[in-house]
Amino acid sequence: MPLPGGAAAYHPDLAGAVREEEAGEAVPRWVVADAARDYPALLEAGARLDRVRDLRLAERILSRVEAHEPPAYVVASDPDAGTLFEREPDPVDGPAELTRLQAAWLDQRRRTAHAAIPGLGALLAAESAGALVAAEMGRTGVPFDREVHDRLLRDLLGPRPSKGMRPRRLQGLADQVAEAFGHQLNPDSTKQVLAAFHAAGVEVKTTHAWELHSVDHPAVEALKVYREHARVWSAFGWNWADAWVHDAVDRGTGRTAGRFRPVYIVGGADTGRWGTDGGGALQLPHSVREAIRADPGWKLVAADAAQLEPRLLAAISGDRAMIAATAADDLYTELAPSLGGERGKAKIALISAMYGGTAGDARQLVQLMRDRFPAAFEKVESAARTGEKGGLVRTWLGRTVPAPSERWWRALSSEEGTKSSASRGRFTRNFIVQGTAAEWALVLLALLRRDLYERGLGELVFFLHDEVMVHCPAEHAGEVSAAIERAAEEATRTLFGTMPVRIPLRPKVVDSYAEAK
DNA sequence: CGGGTGGGCGCG
DNA sequence: AAAGCGCGCCCACCCG
């Protein structure tokens with residue numbers, strides 16, 4: 001499917017044709033050049049796509065899969081190479097764009113087969129489904145109550161100030177910081193704050209909260225509160241709402257309702273996690289979440305996967321003892337007897353193993369991991385070792401790390417080499433876990449999206465790494481909760497078959513996002 | 001003056 | 001300077 005604008009040249013009503021095909025007996029899998037670019041216009045015209053292959057997203061995944069070997073298309077002995085266009089379906093009398101899309105799609109299909117990675121087809125399908133979800137959620141938006149948001153801001157900051165001024169209470173905090181130092185200064189200026197601490201005889205290297213934590217000076221507390229409030233004001237305050245919250249006309253009632261409409265970037269992170277382009281949807285502070293509210297008569301069903309990454313580490317490593325522990329709702333509590341005795345220690349042991357932490361208790365707790373869960377430990381260790389040497393690692397379904405840069409290889413033989421090598425090792429160590437978690441979530445989204453649509457239960461409105469949120473009529477909330485739990489189960493089976501790993505998604509029916517978690 | 005970078009901190 | 005992963009966003013600051 002080429003871009004809607006250009007498509008009009010040879011199809012006067014693309015959206016209409018799409019609607020017709022989608023309603024037909026055999027639902028197609030559309031080949032799209034770039035759903036993020038092309039799908040919103042179709043949605044606007046009322047044409048929903050059920051299944052697609054997104055060539056742009058697939059290309060990125062494939063090119064990284066292939067980074068370790070010569071590209072398939074220059075391998076002369078490849079029997080497919082010469083037959084590419086012979087296998088092409090009916091010739092198309094369309095713009096060159098269509099021919100190019102078709103060739104690109106066939107090429108990707110051949111390369112996918114050539115890569116011989118069992119999960120790769122599923123990954124490409126899931127990534128493409130993600131593109132649909134992202135566009136649909138971006139269009140739908142998160143239900144958002146501007147009045148509640150305004151009240152939260154006023155309580156925290158004081159009334160909305162005129163342009164160029166700090167809110168009253170924020171200015172009060174700035175004054176407190178200045179008073180504590182005994183002179184005027186801009187608390188937003190690291191340079192000035194650092195100089196002020198030095199003048200007061202406090203020899204800190206940075207003004208990070210964690211470094212100031214152990215500093216005994218009256219400015220510390222005021223500065224901490226100032227920064228918290230300043231962040232809400234600048235990144236999630238009135239100006240943010242003006243830019244990102246729109247009014248939507250409520251179905252039925254005709255009332256207008258606020259909708260926060262971020263722009264999601266599918267696969268924005270190397271690990272396959274999503275990013276956002278403006279709007280800060282993935283960093284919404286807890287302090288403003290109360291403003292995310294269901295419409296009257298509707299509910300939000302918010303669900304998050306507890307300890308997603310360690311559960312996936314258990315699965316991808318095949319560590320039998322750890323897989324058995326995933327039967328528990330709280331993995332950390334379950335593993336505490338084996339990992340340091342307390343829940344908190346078990347958590348540090350697992351997180352440090354996945355992140356490559358060595359400080360404090362971590363080193364010792366990671367040793368416990370090695371002793372008690374050797375297969376899980378070896379999985380992340382070997383990923384780290386591979387990365388340190390410049391090797392490539394993959395997620396369960398085959399998403400591959402970007403190859404190290406030329407600069408990285410050059411640095412390897414220099415003074416800096418040890419540091420960059422260790423850093424790369426921590427990245428690849430974490431990549432296999434975070435990346436597999438991202439693809440589990442993608443599969444979940446794809447399954448849930450279809451189920452919600454087919455049964456008309458509600459709409460996906462938010463996704464955040466290991467959380468999903470559905471907005472639905474109150475009477476559907478129970479069914480939506482069940483659908484979410486089922487989708488999680490099905491996603492787990494899709495990735496891991498009969499392996500007895502458990503990855504529960506816990507739905508909670510709420511009126512406001514602040515009540516979730 | 002406008003773009004690029006680093007500090008700092010929000011989220012998972 | 002997190003001891004340890006992945007991001008985005010804002011501000012101050014620097015440089016051309």
Side-chain angles (χ1 to χ4, degrees), chain A residues 166 170 174 185-195 203-215 223-237 239-240 243-244 262-289 304-310 312-313 347-366 380 383-384 387 393 395 399 401-402 422-438 441 462-468 513 516-517:
Chain A
R166 281 195 184 109
L170 192 62
L185 86 171
N186 179 2
D188 288 325
S189 165
T190 311
K191 210 178 157 188
Q192 291 181 35
V193 171
L194 203 54
E203 291 305 321
V204 283
K205 287 261 196 300
T206 73
T207 69
H208 282 286
W210 66 78
E211 190 175 355
L212 296 180
H213 186 254
S214 54
V215 168
L223 183 64
K224 180 169 170 272
V225 180
Y226 173 84
R227 281 175 170 166
E228 283 170 17
H229 292 203
R231 182 176 171 75
V232 171
W233 174 53
S234 64
F236 296 96
N239 292 343
W240 169 83
W244 295 101
V263 177
Y264 296 97
I265 309 294
V266 174
D270 287 336
T271 55
R273 275 190 174 184
W274 290 15
T276 49
D277 182 13
L282 307 188
Q283 299 112 259
L284 273 178
H286 290 95
S287 56
V288 304
R289 292 187 178 187
D304 75 306
Q307 303 119 22
L308 179 59
E309 292 185 3
L312 287 168
L313 173 57
K347 184 174 178 177
I348 291 173
L350 283 167
I351 287 178
S352 300
M354 293 186 299
Y355 289 177
T358 55
D361 294 354
R363 188 180 294 276
Q364 203 185 333
L365 291 167
V366 169
V380 285
V393 301
T395 60
R399 194 188 300 270
V401 287
S423 165
R424 177 85 187 173
R426 287 192 301 273
F427 169 57
T428 53
R429 170 195 294 271
N430 184 249
F431 181 91
I432 60 169
V433 181
Q434 191 185 117
T436 302
F462 192 58
F463 169 59
L464 176 55
H465 310 320
D466 65 349
E467 291 177 37
V468 294
Y513 188 26
K517 265 200 172 161

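Proteins get letters first, then strands, A, B, ... in listed order; numbering begins at 1 in each. In this text the structure is predicted, and so the values were computed from the model without any measurement.
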- Check DNA chain C for consecutive Watson-Crick or G-U pairs with both distances under 3.5 Å and list the runs of at least three as stems.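 So far as stems of 3 or more pairs are concerned, DNA chain C shows B:1-12 with C:5-16.
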Heavy atoms only, 4.0 Å cut-off, all strands: where does [X] land among base, sugar-phosphate and nothing?
X         : answer
Arg363(A) : nothing
Arg424(A) : nothing
Phe431(A) : nothing
Ala438(A) : nothing
Gly268(A) : nothing
Glu467(A) : sugar-phosphate
Asp304(A) : nothing
Asp277(A) : sugar-phosphate

Starting the side chain at C-beta, find the nucleotide from [options] nearest to [X].
X         : options                   : answer
Gln283(A) : dG8(C), dC7(C), dG12(B)   : dG8(C)
Ala209(A) : dC9(C), dC9(B), dA12(C)   : dC9(B)
Asn186(A) : dG12(B), dG10(B), dA12(C) : dA12(C)
Gln434(A) : dG6(C), dC10(C), dG8(C)   : dG6(C)
Arg289(A) : dC5(C), dC7(C), dG12(B)   : dG12(B)
Glu228(A) : dA12(C), dG10(B), dG6(C)  : dG10(B)

Review point. Do Val193(A) and Leu185(A) come close enough that some side-chain heavy atom pair is under 4.5 Å?
Key: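 Yes - at least one pair of side-chain heavy atoms lies under 4.5 Å apart.
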Using side-chain heavy atoms (C-beta onward) and a distance below 4.5 Å, is Val401(A) in contact with Asp270(A)?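 The answer is no, as the side chains (C-beta and beyond) never meet within the 4.5 Å cut-off.
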Exercise for the section: Over all heavy atoms of both residues, which pair between Leu464(A) and Arg289(A) is shortest? Give the atoms and the distance, please. Expected result: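 Looks like CD2-NH2, 4.3 Å.
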message: On a heavy-atom basis, which atom in Gly279(A) and which in Trp240(A) lie closest, and how many Å separate them?
response: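 It is O-NE1, 2.9 Å.
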[N] to [M] separation - [atom1] atoms, rounded to the nearest Å:
N       : M      : atom1 : answer
dA1(C)  : dG7(B) : P     : 9 Å
dG12(B) : dG4(C) : P     : 22 Å
dA2(C)  : dG6(B) : P     : 14 Å

State whether the side chain of [X] and the backbone N or O of [Y] hold a donor-acceptor pair below 3.5 Å, judged by distance alone.
X         : Y         : value
Glu309(A) : Ala437(A) : no
Thr428(A) : Gly425(A) : yes
Arg429(A) : Ala353(A) : yes

Can you measure from [atom1] ([X]) to [atom2] ([Y]) and round to the nearest 0.5 angstrom?
X         : Y         : atom1 : atom2 : result
Leu365(A) : Ile351(A) : CG    : CD1   : 11.5 Å
Leu282(A) : Ile265(A) : CG    : CD1   : 10.0 Å
Gln434(A) : His465(A) : CD    : NE2   : 7.5 Å

Expressed as a whole number of angstroms, how long is the span from [X]:[atom1] to [N]:[atom2]?
X         : N       : atom1 : atom2 : value
Tyr264(A) : dC7(C)  : OH    : P     : 18 Å
Leu282(A) : dG8(C)  : CG    : P     : 8 Å
Asp466(A) : dG6(C)  : CG    : P     : 17 Å
Ile432(A) : dC5(C)  : CD1   : P     : 15 Å
Leu212(A) : dG8(B)  : CG    : P     : 8 Å
Phe236(A) : dC10(C) : CZ    : C1'   : 10 Å
Lys224(A) : dG8(B)  : NZ    : P     : 16 Å
Arg227(A) : dA12(C) : CZ    : P     : 13 Å

Review point. Taking the nucleotide of DNA chain C with the closest heavy atom to each, which residue, Ala281(A) or Gln192(A), is nearer the 5' end?
Key: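 First, find each residue's nearest nucleotide; the 5'-ward one identifies Ala281(A).
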### Query
Toward the 5' end of DNA chain C, which comes first, Arg166(A) or Asp270(A), by nearest nucleotide?
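Going by which nucleotide is closer to the 5' end, it is Asp270(A).
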List the steps and the verdict of ring pair (Phe, Tyr, Trp, His ring centres under 6.0 Å) for Phe463(A) and Tyr264(A). CA-CA 9 Å; Phe463(A) 169 59; Tyr264(A) 296 97; 7.7 Å; no
Does the side chain of [X] get closer than 4.0 angstrom to OP1 or OP2 of [N] through an N or O atom?
X         : N       : value
Thr190(A) : dC11(C) : no
His286(A) : dG12(B) : yes
Lys191(A) : dC14(C) : yes

Over 12 foreign heavy atoms within 6.0 Å of CD, Gln364(A):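 No - once you tally the heavy atoms of other residues, nucleotides and ligands closer than 6.0 Å, there are 12 at most.
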Between protein and nucleotides 1-4 of chain C, what N or O pairs are separated by less than 3.5 Å?
residue, atom, partner, partner atom, Å
dG4(C), O4', Gly357(A), N, 3.4

